[in-house]
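Every chain is numbered from 1 and lettered A, B, ... according to where its sequence line falls, protein lines coming before strand lines. Note that the structure is a prediction, hence the values are computed from the model and not measured.
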2 protein chains.
Amino acid sequence: MNAAAGAKPRHFPIVDVDVHHNFKNRSDLFPYMSRFNAERFSEYGFGVQSSTAFNGGKLGRRIDIIDENDPPPADIGPVAYDVDDTRARLLDHYGIELALLTGGPGQLASAMMDADFGSAICRAFNDFSIEHWLEKDSRFRLALHINSQDPAGAVAEIERVGSHPAVCAVMLGCGAPRPFGNRFYHPIYEACVRNGLAVAMHFGGEGAGLNPPPSAAGYPSYYIEHRQLRPSFYMVHVSSFVFEGVFDKFPSLKIGMLEGGFAWLAPLMWKMDLDWKGLRRQTPWVERLPSEYVKEHIRFATQPMEEPDNPEALKHIIDWIDGGRTLMFATDYPHWDWDDPTMTLAGYPDDLRRRIFAENALDTFGLELPSMSKAA
Amino acid sequence: MNAAAGAKPRHFPIVDVDVHHNFKNRSDLFPYMSRFNAERFSEYGFGVQSSTAFNGGKLGRRIDIIDENDPPPADIGPVAYDVDDTRARLLDHYGIELALLTGGPGQLASAMMDADFGSAICRAFNDFSIEHWLEKDSRFRLALHINSQDPAGAVAEIERVGSHPAVCAVMLGCGAPRPFGNRFYHPIYEACVRNGLAVAMHFGGEGAGLNPPPSAAGYPSYYIEHRQLRPSFYMVHVSSFVFEGVFDKFPSLKIGMLEGGFAWLAPLMWKMDLDWKGLRRQTPWVERLPSEYVKEHIRFATQPMEEPDNPEALKHIIDWIDGGRTLMFATDYPHWDWDDPTMTLAGYPDDLRRRIFAENALDTFGLELPSMSKAA
């Protein structure tokens, strides 16, 4: 066990629910694909392009961690992450006990017109992740990538590798032809519950391939604008999960929403509750206040933390959304706008930080800390 | 002048920036159209359908004001509003000094594939509004309807009737093929500035006709979900106006965003400011904090007011968005979820209410109170 190597003394463990891993070269996935799919992936790549491709930092990553002697190949873009770098600079350096690896290609694979090819890429990526990341460090946990627009294929993949001890969630990208509360997706949730997996939701794929544009007004021109839409990428799904009755149908299902921030959740819960009082005859299966469903079933990663001028404002927001229950710490390593765990929520009470930095993630993803199992 | 008829004594005047008027029957617009367009409108209507058509109340309106002996014709839906009803029940009853009429067909007309027909419907509606609403009561002001996807036609319409003394704004619907900061629309803003008109923005048309679906995940199933998307309908445009440099190019332009609420603005301004610090080399023409542009140029209608459990939360939100400067009172009459002026922001300080109930709207739309001109 290397969980404590390099850790500074602190009062609580850290679980990081959004660590980006990926393959470095397309050829990394070839061993896990048919020759036909490998040739296609080699020649054409994903064949769909995300409108978020232009980014900050350098290729989306922290400039200081890029090895100039080993630049990412041009055909991969900002996804050439390194397992040893992540272990040393993130896990060891900050004493992170568990890290959820979020990848990956699922958001774009789910936007492909050819559903089988999208599912094949996800399958290859999961096998690659198990061999080249999970097996390299016991602190890694994995959110399986699936093709959300191929529910039968997604269920097959969940059944194939969902029982791996380090797999704890299934990844859904926010961009999609229909919101994720829709009954089209329910077989996926059924498979999650059957395998004891949570759902991890991460933006990506908006406006790509078969997905609609990222907003009701189409495509913005600049990356900085696209970032302002992120809350909306999650709002539609929060509302859809609640009002389509997903949590009434799957009462044990938990959902972690990653890299979307959380300050927007307070106004959304107020509005859902108010509208439910006036309109609930339209969705009579929603028997409680929408905010109660959210607080029971949905969790939100802290990064990118909103930073109001007045730090008191953030305290109020965290209070209004019951952050001690709904928030989970995330670094978003190695992206340029990552959050440093030593600076995140510094000055907040230790019992709140303990829940946000570890307990809520352990509950949501059904995890056990290495330090706990060692003690047992 | 009938401005004071029926008014209760109060310490400040009321300007209502979102009163829905409309035609009752398609034939109401025929006198203002070519025979060809009248026949087409009679036979086919708009030819596009808004995904918000299912609504609350009765056909979207307050149930208590519907005359059962004069139900709206089935082909019009929830838009059969009455000028005498609005004068008596809204203006007289509450002593409202000025009311901005917001209509209307512009949102759907802008979603039509046939740009000339969309512009013709807007033109007819503006003429109808002038004859049957503005000329019936001097307290009415009008936001012109235009076909936003036909900028040349929109500019021609602004030049045709923009100088009418009761016209004070140009209406844009939120649903559109591209965000409203885009240079495609700049001729419209140039015409607004030239005619001393503000922009009034109101949701509508999302997912209709040539517009993209209402979210990055397509169409939700239920009306209550659609309401949760409303903040996102405005967020994309707030961000677009700022980052496309619209206010740098048109420094006198003011925009009123109506019926979208405002609590979501606080997190959006925090996020825009933070992201601008990290990414401003991508849009170097944005020389100040995005929130400064918002506070200077964009105003938000109070209705539908967010109602947190804890009323203190609303006070904080209003403080954080500088509500004494950015908010304008609106009833949204005659919709079922309208806000009663006697109950809106009751208990807030009088100087704040005075600005929200009148002064900010007068500034934004360049209006003068009837009571002021009488005194002069």
Side-chain angles (χ1 to χ4, degrees), chain A residues 56 174-182 206-207 211-225 227-229 231-233 235-240 243-244 261 263-264 266-268 270-272 274-276 278-280 282-283 304 306-310 313 316-317 320 336-337, chain B residues 56 174-182 206-207 211-225 227-229 231-233 235-240 243-244 261 263-264 266-268 270-272 274-276 278-280 282-283 304 306-310 313 316-317 320 336-337:
Chain A
C174 292
R178 52 184 79 72
F180 278 108
N182 193 283
E206 298 81 15
N211 291 337
S215 88
Y219 295 86
S221 304
Y222 308 111
Y223 171 67
I224 193 170
E225 290 177 78
R227 287 174 70 93
Q228 310 314 315
L229 303 183
S232 71
F233 299 158
M235 288 161 63
V236 58
H237 298 301
V238 169
S239 165
S240 177
F243 292 115
E244 294 267 7
W264 49 269
L268 177 62
W270 298 336
K271 185 162 177 59
M272 286 198 298
L274 182 64
D275 286 347
W276 177 78
L279 293 163
R280 65 177 182 257
Q282 298 185 353
T283 55
E306 285 89 352
E307 293 181 21
D309 282 346
N310 171 5
H316 285 299
I317 294 279
W320 298 339
W336 65 276
D337 57 339
Chain B
C174 292
R178 52 182 80 73
F180 278 109
N182 193 284
E206 298 82 15
N211 291 337
S215 88
Y219 296 86
S221 304
Y222 309 110
Y223 171 67
I224 192 169
E225 290 177 78
R227 289 174 69 94
Q228 310 315 316
L229 303 182
S232 71
F233 299 158
M235 287 161 65
V236 58
H237 298 301
V238 170
S239 165
S240 178
F243 292 116
E244 294 265 8
W264 49 269
L268 177 63
W270 298 335
K271 185 164 177 59
M272 286 197 300
L274 182 65
D275 286 347
W276 178 78
L279 293 164
R280 65 178 181 258
Q282 298 185 352
T283 55
E306 285 90 352
E307 293 182 22
D309 283 345
N310 170 5
H316 285 299
I317 294 279
W320 299 338
W336 66 276
D337 57 338

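Most heavy-atom pairs under 4.5 Å with chain B, from the set C174(A), G175(A), A176(A): that is A176(A). No other option in P177(B), A313(B), G278(B) has as many heavy-atom pairs under 4.5 Å with chain A as A313(B). Between chain A and the options I317(B), V236(B), D275(B), heavy-atom pairs under 4.5 Å are most frequent for D275(B). Counting heavy-atom pairs closer than 4.5 Å to chain B, the top residue among R178(A), R280(A), E306(A) is R178(A). When the candidates A217(B), P308(B), G261(B), S240(B) are compared by the number of heavy-atom contacts under 4.5 Å with chain A, A217(B) comes out ahead. Counting heavy-atom pairs closer than 4.5 Å to chain B, the top-ranked of the candidates P212(A), A263(A), P267(A) is P212(A). When G218(B), P220(B), G181(B), S239(B) are compared by the number of non-hydrogen pairs under 4.5 Å with chain A, S239(B) comes out ahead.
Distance check, rounded to the nearest 0.5 Å: CZ of F243(A) to CZ of R227(B) gives 10.0 Å.
Using a 4.5 Å cut-off between heavy atoms, L268(A) contacts chain B through both its backbone and its side chain. W336(A) touches chain B through its side chain: at least one heavy atom from C-beta onward sits under 4.5 Å away, while N, CA, C and O do not. Heavy atoms closer than 4.5 Å to chain A are found in both the backbone and the side chain of P179(B). For S215(A), the parts lying under 4.5 angstrom from a heavy atom of chain B are both the backbone and the side chain. Proximity to chain A is limited to the side chain of L274(B), based on heavy atoms less than 4.5 angstrom apart.
In this structure the side chain of N182(B) reaches within 4.5 angstrom of the side chain of S221(A), judged on heavy atoms. Looking only at side-chain heavy atoms (C-beta outward), Q228(B) and M235(A) stay at 4.5 Å or farther from each other.
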Checklist entry - Taking it one step at a time, do E225(B) and T283(A) satisfy side chain to side chain contact (heavy atoms under 4.5 Å, CB included)? => result CA-CA 10 Å; E225(B) 290 177 78; T283(A) 55; over 6 Å; no

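For N310(A), the CG atom is densely surrounded, since the number of other residues' heavy atoms within 6.0 Å is greater than 12.
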